[in-house]
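Please read the structure below before turning to the comments.
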Amino acid sequence: MRVLSGIQSSGKLHLGNYLGALKQHIELQNDNDCFFFIANYHALTTVHDPDLARQLTRDVALDYLALGLDPKKAALYRQTDLPQVCELQWILSCVTGKGLLERAVSYKDKLEKGLQASMGLFCYPILQAADILIVEADWVPVGKDQVQHIEMTADMAGYFNNTFGGGEEILKIPKARLNQAFTVPGIDGQKMSKSYGNAIDLFDTPKRTKKRIMGIVTDSTPVEDPKDPTTCNVFAMLSLMADEDEMTEWRERYRAGGMGYGDVKKRLAERFEEMFGSARERRAELEQDETFVEDVLVDGAKRAKAIAEPLMEKVRNACGLRTAALPSDKLLS
Ligand code: ADP
Ligand code: TRP
């Protein structure tokens, strides 16, 4: 299956991003034809500092590679290295009704969070559709919050095919593949999110990470009293990271009383190190290598372009944008 997914370079990646997105992406690389990209055009809806934009783009690439993305198996690229997505976005916007975008839940959520209602933010799902359609993806692994965008992508591909396909499916209709359906809680118990200031970053220093974990909000049940694992944030986070046998033991310890929240927090900090300690070291090494990450991204973009450019040529022809028979490589060079 051709798999595509992307992640915005709009902040440091956190545990929620890993468990809800990157982990599944990396697992899929073994049995699929995978394309993963850094959505730095999308990030421009919120990041308006050029140095920060550059840094965050490189950070996402380093994170993916440190966490186990193998560039020999999966193509990793920067969205901006595939400018055909912007061209396709325009074409899709000409067959997509404004009403479809007005129904986008994530747009409304972002306005509620106080983001500026720019056209970029409003048209965000069209750019996302172009990302997906341009590599002819079958599957798009995403979190629950993104499923509507994939359904909108399928709608937009349908509008295009009906308008310009002449009975042919020029744009392939993709499907969402839901990552684990859980939401990772933040240190305050709300959904972990970079915009809520409640995240545990994946690659902070060990000391700061531990401090963050020890600061997870718990209730004030005294040490000796029984505790309810089902309402505890630390328990919820640990269950996403530890195996079932271990969680059964913790469940019993909670219910028996005599256990302080500090004990389970210490175990969570230890588990975090087990999961991410070696990736942190790998990341530090990769960071020293000036050319490796760049080479990976350029190669990834080449692989994506090899699919995108022939498809765009079909698309341009289908909608009458090619009026002379000039081959596209002449026009683009
Ligand atoms: P944030 O809320 O920090 O801005 P994004 O919206 O950029 O995160 O999310 C990027 C990806 O990570 C999405 O696929 C989303 O589903 C996933 N993700 C983000 N936060 C969580 C979370 N708390 N639990 C599970 N998945 C998450
Ligand atoms: N909107 C996605 C998010 O916020 C990021 C994204 C952009 C994406 N383009 C995509 C995800 C294409 C999947 C496919 O997480």
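Order of appearance sets the numbers: ligands from 1, and atoms from 1 within every ligand. In this chain, numbering begins with 1 at the start of the sequence shown.
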**Prompt:** For the ring pair Tyr124 and Tyr107, is the centre-to-centre distance below 6.0 Å?
**Reply:** no
**Complete:** Counting heavy atoms under 4.0 Å, the part of Leu4 that contacts ligand 2 is side chain
**Prompt:** Counting heavy atoms only, which part of Asp145 comes closer than 4.0 Å to ligand 1: side chain, backbone, both or neither?
**Reply:** side chain
**Criterion side chain to side chain donor-acceptor pair (under 3.5 Å) against Thr221, the qualifying member of Thr218, Asp219, Asp225** = Asp219
**Asked** Any idea which atoms of ligand 2 are less than 4.0 Å away from a heavy-atom of Gln8?
**Response** 4 (O)
**Request:** Hey, can you tell me if Trp250 and Tyr254 have their rings parallel, tilted or perpendicular (30° and 60° cut-offs)?
**Result:** perpendicular
**Prompt:** Can you tell which part of Gln146 has a heavy atom less than 4.0 Å from ligand 2: side chain, backbone, both or neither?
**Reply:** side chain
**Asked** So is there a nitrogen or oxygen of Tyr124 less than 3.5 Å from a nitrogen or oxygen in ligand 2?
**Response** yes
**Prompt:** Which atoms of ligand 1 sit under 4.0 Å from any heavy atom of Gly20?
**Reply:** 25 (C), 26 (N)
**Prompt:** How far is atom 5 (C) of ligand 2 from its nearest protein heavy atom, and which residue and atom is that?
**Reply:** Gly6 O, 3.7 Å
**Asked** Under 3.5 Å between some N or O of ligand 2 and some N or O of Gln128?
**Response** yes
**Asked** Of the choices Leu22, Asn198, Val184, which has the non-hydrogen atom that lies closest to atom 24 (N) of ligand 1?
**Response** Val184
**Prompt:** Are Lys191 and ligand 1 in contact, using a heavy-atom cut-off of under 4.0 Å?
**Reply:** yes
**Asked** Within 45 degrees of the axis of the six-membered ring of Tyr261 and under 6.0 Å from its centre: does Lys227 put its NZ or CZ there?
**Response** yes
**Centroid-centroid distance, Phe36 to Tyr77, less than 6.0 Å** = no
**Numbering as shown, the atoms of ligand 2 that approach His42 to under 4.0 Å (heavy-atom distance)** = 7 (C), 9 (N)
**Asked** If you measure from each heavy atom of Tyr196 to ligand 1, is any distance below 4.0 Å?
**Response** no
**Item:** Min N/O separation Ala21 to ligand 1 under 3.5 Å
**Value:** no
**Request:** Go through ligand 1 atom by atom and flag the ones less than 4.0 Å from a non-hydrogen atom of Phe182.
**Result:** 25 (C)
**Message:** Looking at non-hydrogen atoms alone, which of Ser10, Gly6, Gly16 comes nearest to atom 27 (C) of ligand 1?
**Reply:** Gly16
**Prompt:** Hey, are Thr80 and Asn40 close enough side-chain-wise for a donor-acceptor pair under 3.5 Å?
**Reply:** yes
**Asked** Out of Leu133, Val3, Leu4, which one pairs with Pro174 under the side-chain contact (heavy atoms from CB on, under 4.5 Å) rule?
**Response** Leu133
**Request:** Can you tell me which residue pairs pass the side-chain hydrogen bond (donor to acceptor under 3.5 Å, both in side chains) test with a partner in residues 129-138, sequence neighbours excluded?
**Result:** Gln79-Asp131, Asp138-Lys172
**Request:** With heavy atoms under 4.0 Å as the rule, classify the contact between Val140 and ligand 2 as side chain, backbone, both or neither.
**Result:** side chain
**Prompt:** Is Lys144 in contact with ligand 1, taking contact as a heavy-atom separation below 4.0 Å?
**Reply:** no
**Message:** Is a donor from one side chain sitting under 3.5 angstrom from an acceptor on the other, for Gln146 and Gln128?
**Reply:** yes
**Message:** I'd like to check which ligand 2 atoms, numbered from 1 as shown, lie under 4.0 Å from a non-hydrogen atom of Phe37.
**Reply:** 9 (N), 10 (C), 12 (C)
**Prompt:** Taking all atoms of both residues into account, what is the closest heavy-atom pair of Pro125 and Ala104, and its distance?
**Reply:** CG-CB, 4.4 Å
**Asked** Where does Lys194 meet ligand 1, judged by heavy-atom distances below 4.0 Å: at the side chain, the backbone, both, or neither?
**Response** both
**Prompt:** Within a radius of less than 6.0 Å around NZ of Lys194, do more than 12 heavy atoms belonging to other residues, nucleotides or ligands occur?
**Reply:** yes
**Proximal atoms of ligand 1 relative to Asn17 (non-hydrogen, under 4.0 Å)** = 8 (O), 9 (O), 10 (C), 11 (C), 12 (O), 18 (N), 19 (C)
**Prompt:** Considering Ile132, Ile150, Asp131, which one's heavy-atom position lies nearest to atom 9 (N) of ligand 2?
**Reply:** Asp131
**Message:** With side-chain contact (heavy atoms from CB on, under 4.5 Å) as the test, pick out the partner of Arg283 among Leu202, Leu67, Asp59, Leu65.
**Reply:** Asp59
